[in-house]
Amino acid sequence: MSVLGIPKKFRPAFLSGVVEYAEACVDSDNEKSLRESLALVPEVTERAVVKRRCEFYSGRWAAAQAIARLTGIIDTPQVNSDRSPAWPHGLIGSITHTNDYALAAVARTSKVRRIGIDLESINAVAKVENLNEMICTKHELDLLKAKPVYESLALLFSAKESLYKSLYPEVGVYFDYLDASLVTGDESSLVLRLQKSLGDVFAEGDCFRVNYLVEDKHVLTWQIDLL
């Protein structure tokens with residue numbers, strides 16, 4: 001399948017007119033066409049396997065499409081020294097990918113304070129041993145006991161990834177999955193609470209709402225705050 005012009009599989013309820021969104025299929029056969037379609041292509045180390053390179057370029061392609069939809073100009077996020085995306089001046093965004101899909105969301109810094117998105121495969125999560133011990137407590141899983149266990153794990157994993165991607169650009173410090181805990185949730189969102197302060201920016205006890213949807217055995221989450 002060509003990566004270009006695919007229909008949207010995931011339909012996040014982003015803020016209409018504020019956040020632009022694009023997605024791509026991850027297909028190793030598309031690596032060359034992906035590179036050729038990007039402006040100022042960021043380089044991936046030659047040691048990276050073909051699948052990893054394709055995931056990277058698929059994510060950058062999705063980001064370039066979202067930027068073009070927002071600004072009318074095709075641009076490609078480069079790579080910061082910490083390997084995070086370097087967004088063009090005046091823009092903020094987030095990129096995520098699994099083995100089969102890549103997604104990106106972009107907004108103007110004049111409209112959106114922070115943004116983080118994450119996509120996880122429920123089947124892939126099910127194959128990770130002892131994942132629950134690394135990312136959550138029994139109490140958090142109990143709060144989601146109405147859902148299948150691996151869907152709950154994928155949801156918690158993804159939500160905490162989205163929160164990290166959203167907050168990290170402001171604090172510039174690493175924090176772990178257990179540094180944020182689930183407070184409550186419903187059929188479209190979760191509320192996560194920080195278990196420790198992050199520098200002088202966020203305090204222990206600060207809460208953030210993370211929205212989500214479950215589609216095609218994947219969980220997509222996003223944390224977006226307007227200015």
Side-chain angles (χ1 to χ4, degrees), residues 6-24 59 62-63 66 69-70 92-98 100-108 111-126 128 131-132 135-170 175 177-195 202 205-227:
I6 65 169
K8 285 187 177 180
K9 178 175 289 291
F10 307 98
R11 300 181 182 278
F14 286 140
L15 304 166
S16 178
V18 176
V19 178
E20 285 292 345
Y21 159 84
E23 67 182 54
R69 292 171 186 174
L70 183 69
I92 186 173
S94 186
I95 302 172
T96 184
H97 64 76
T98 63
D100 39 12
Y101 299 108
L103 294 78
V106 180
R108 297 184 187 276
K111 300 289 186 181
V112 172
R113 182 185 304 276
R114 60 185 68 95
I115 179 171
I117 66 170
D118 185 74
L119 181 70
E120 299 295 336
S121 162
I122 295 173
N123 289 339
V125 165
V128 181
L131 180 63
N132 59 315
I135 68 168
C136 64
T137 64
K138 182 179 181 300
H139 175 68
E140 289 175 275
L141 282 176
D142 287 344
L143 290 175
L144 299 175
K145 62 184 179 182
K147 299 180 181 295
V149 63
Y150 289 120
E151 180 180 316
S152 296
L153 280 173
L155 178 54
L156 286 167
F157 186 41
S158 184
K160 293 184 180 187
E161 282 283 346
S162 283
L163 183 64
Y164 178 83
K165 292 178 180 180
S166 178
L167 302 188
Y168 177 80
E170 288 184 68
F175 59 99
Y177 297 103
L178 296 178
D179 292 330
S181 64
L182 176 64
V183 177
T184 186
D186 55 34
E187 291 306 307
S188 63
S189 68
L190 305 178
V191 175
L192 299 180
R193 179 171 55 210
L194 291 180
Q195 297 300 301
F202 302 107
D206 284 351
C207 291
F208 303 87
R209 184 170 297 277
V210 181
N211 293 287
Y212 73 90
L213 64 82
V214 180
E215 182 72 34
D216 189 32
K217 297 183 179 180
H218 287 70
V219 172
L220 175 65
T221 61
W222 59 97
Q223 202 286 318
I224 299 174
D225 287 329
L226 294 175
L227 282 170

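Bear in mind the structure is a predicted one, so any value in this text is a computation, not a measurement.
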List the residues meeting side chain to side chain contact (heavy atoms under 4.5 Å, CB included) with [X], not counting sequence neighbours, and say none if there are none.
X: S121; answer: N123, A124, H218
X: A105; answer: F14, V19, I115, I117
X: L141; answer: N132, C136, S152, L153, L156
X: K111; answer: V18, R108

Looking only at non-hydrogen atoms, find the nearest pair between [X] and [Y] and report the distance.
X: A102; Y: G59; result: CB-N, 3.6 Å
X: Q223; Y: R209; result: CG-O, 3.4 Å
X: A104; Y: A66; result: O-CB, 4.2 Å
X: R193; Y: V183; result: CB-CG2, 3.5 Å
X: S94; Y: G116; result: OG-CA, 3.6 Å
X: T96; Y: L119; result: OG1-N, 2.9 Å

Salt bridge (Lys or Arg N to Asp or Glu O under 4.0 Å) partners for [X], two or more places apart:
X: K138; result: D142
X: E215; result: none
X: D186; result: none
X: E140; result: K160

Is the shortest side-chain heavy-atom distance between [X] and [Y] below 4.5 Å?
X: D118; Y: Y212; answer: no
X: F175; Y: Q195; answer: no
X: L167; Y: L194; answer: yes
X: D206; Y: F208; answer: yes

Taking side-chain hydrogen bond (donor to acceptor under 3.5 Å, both in side chains) as the definition, give me every residue that meets it alongside T221, ordered by chain and number, with sequence neighbours left out.
S158, S162
Kindly write out the residues that satisfy side-chain hydrogen bond (donor to acceptor under 3.5 Å, both in side chains) with Y168, not counting sequence neighbours, or none if the list is empty.
D82
With L182 as reference, evaluate L144, V191, T137 under the side-chain contact (heavy atoms from CB on, under 4.5 Å) test and give the passing residue.
L144
Reported [atom1]-to-[atom2] distance for the pair [X] and [Y], which is rounded to 0.5 angstrom:
X: E170; Y: I92; atom1: CD; atom2: CD1; result: 7.5 Å
X: D179; Y: F202; atom1: CG; atom2: CZ; result: 14.0 Å
X: I224; Y: R113; atom1: CD1; atom2: CZ; result: 14.0 Å

Would you call R11-E23 a salt bridge at under 4.0 Å N-O?
no
Y150: which residues meet the ring-ring contact (aromatic ring centres under 6.0 Å, His included) condition with it, sequence neighbours left out?
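Residues passing ring-ring contact (aromatic ring centres under 6.0 Å, His included) with Y150: none at all.
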With sequence neighbours left out, which residue pairs that include part of residues 216-227 fulfil the salt bridge (charged side-chain N to carboxylate O under 4.0 Å, His left out) condition?
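Those involving residues 216-227 are K9-D216, R114-D225.
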